[in-house]
Peer 1: 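Provided herewith is a single structure, encoded as structure tokens, for subsequent inquiry.
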Protein chains: 2
Amino acid sequence: MEDVDSQLAQFRDFLSGEGLKLTRQRQAIAAAFYSSGAHLSLQELLDLAREREPSIGYATVYRTMRLMTDGGLATEHQFADGHARFEPAEEGEHHDHLICVTCGHILEFEDDKIEAIQDTIAAAHGMKVQSHRHEIYAECLRPECERRTAKPN
Amino acid sequence: MEDVDSQLAQFRDFLSGEGLKLTRQRQAIAAAFYSSGAHLSLQELLDLAREREPSIGYATVYRTMRLMTDGGLATEHQFADGHARFEPAEEGEHHDHLICVTCGHILEFEDDKIEAIQDTIAAAHGMKVQSHRHEIYAECLRPECERRTAKPN
DNA sequence: TTCCTTGCAAAGGATTTGCACACCC
DNA sequence: GGGTGTGCAAATCCTTTGCAAGGAA
């Protein structure tokens, strides 16, 4: 886990390495993306980025996140809520997600045994694992969770 | 695994039990659904159903599959291709999916060890598993697969 | 006859893209 | 200055719904 500043520096290096420009919009979006530890949707990123650059449009967030995803700086996930969510990609790191069905909070987990079993299952069918998606939807039993339940809708 | 006729009979029983009508359209859709062993999308179900009842509309397939899903006769999945796919639901049965990235063919798998580990992971976070989604995307190494690759697009 | 069903077409909701203008480098 | 980047609006893509006409029971 790196600090936000070095992540932003990485983003700038990525842009200049690709001959792309560092605009106010891209800075605002990247700052929002790296500052929040959460798995944000495009709309949430837009809302956060607008706190710094009010005129930013949805399409710019969309294109910036695509840029980062293609460039390997971000990873995109489609959870059960049906829209894309992004998280910073970390070199050589892999994890899956544990999602609270009550408050929507997303935790990460990693389990070597599961990974190994997946390889075995695929091999049994003459296949080689390329990627996978594994999400556990669970109910949080702790009281803190219930409090977070208070949603607008 | 039951034969198609008894599955269709189950569907008819379900309809009459709910006070719903058995229309030509519903018969055609259910027949298409149960006859194909695959995980079909709404469009694919529509195409198949139209072979029997050419005038069927997309909305009817949508509503029929919703009916079956709500009634517990079908299960809906959202795989990486982004649209809903359906499979017959079997009593008390659970499985996950192994998907070939080359031809898109979907196999089913089930692993008690993985299920158990999931419970452990959730418990470690004070959570109780409610459901999960686990898809393995793999490359088929057998030549038969490549042949199936010849897609229209 | 009664109400459930259907097909069409339009509404949603999220994601993508075209285009003229704005702005980094 | 030149070519990239942006914002808006419109186009997609799939899903969902409203409504008048059709059809099972």
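Letters A, B, ... are given to chains in the order of the sequence lines, protein chains preceding strands, and every chain is numbered from 1.
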Peer 1: Which letter, B, S or -, goes with each nucleotide of nucleotides 16-25 of chain D from 5' to 3', with contact meaning a protein heavy atom under 4.0 Å?
Peer 2: BBB----BBS
Peer 1: Take atom CG of A:D70 and atom P of C:dT16, then tell me their distance rounded to the nearest Å.
Peer 2: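 After rounding, the reported distance stands at 11 Å.
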Peer 1: Round to a whole Å and report the spacing from CD of B:E53 to P of C:dG7.
Peer 2: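 That distance rounds to 9 Å.
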Peer 1: When you measure from the side chain of A:E18 to the backbone of A:L15, do you find a donor-acceptor pair of N or O atoms at a distance under 3.5 Å?
Peer 2: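 Absent.
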Peer 1: Could you state the atom-to-atom distance from CD1 of A:I56 to C1' of C:dA22 in whole Å?
Peer 2: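 About 15 Å, once rounded to whole Å.
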Peer 1: Could you list the donor-acceptor pairs under 3.5 angstrom formed by side chains in residues 69-76 of chain A, with sequence neighbours left out?
Peer 2:
| unit_1 | atom_1 | unit_2 | atom_2 | d |
| --- | --- | --- | --- | --- |
| A:T69 | OG1 | A:M65 | O | 2.7 |

Peer 1: Kindly say if A:T60 contacts the phosphate of D:dG5, meaning a side-chain N or O under 4.0 Å from OP1 or OP2.
Peer 2: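 The answer is no; no side-chain N or O of A:T60 sits under 4.0 Å from OP1 or OP2.
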Peer 1: Who pairs with B:H95 by ring pair (Phe, Tyr, Trp, His ring centres under 6.0 Å), at least two apart in sequence or on another chain?
Peer 2: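 Applying ring pair (Phe, Tyr, Trp, His ring centres under 6.0 Å) to B:H95 gives B:H97.
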Peer 1: In whole Å, what is the span from the CZ atom of A:R26 to the C1' atom of D:dG7?
Peer 2: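 Going from CZ in A:R26 over to C1' in D:dG7 covers 14 Å.
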Peer 1: Roughly, in whole Å, what's the span from CG in A:D47 to P in C:dA14?
Peer 2: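 Answer to the nearest Å: 13 Å.
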Peer 1: Could you tell me how far apart A:E18 (CD) and C:dC25 (P) are, to the nearest whole angstrom?
Peer 2: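 Roughly 15 Å, once rounded to whole Å.
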Peer 1: Rounded to whole angstrom units, what separation is found between the CZ atom of A:F79 and the P atom of C:dA14?
Peer 2: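 Interatomic distance, CZ of A:F79 to P of C:dA14: 17 Å.
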Peer 1: I'd like to know whether the aromatic ring centres of A:F109 and A:H134 sit less than 6.0 Å apart in this structure.
Peer 2: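 Yes: the rings meet the under 6.0 Å criterion.
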Peer 1: Any donor and acceptor pair, going by atom type alone, linking the side chain of B:S16 with main-chain N or O of B:D13 inside 3.5 Å?
Peer 2: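 Confirmed, B:S16 side chain pairs with B:D13 backbone.
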Peer 1: Salt bridge or not between A:K128 and B:E139? Use side-chain N to carboxylate O under 4.0 Å.
Peer 2: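 Salt bridge absent between A:K128 and B:E139.
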Peer 1: Between A:E44 (CD) and C:dT15 (P), how many Å, whole number?
Peer 2: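 Roughly 11 Å, once rounded to whole Å.
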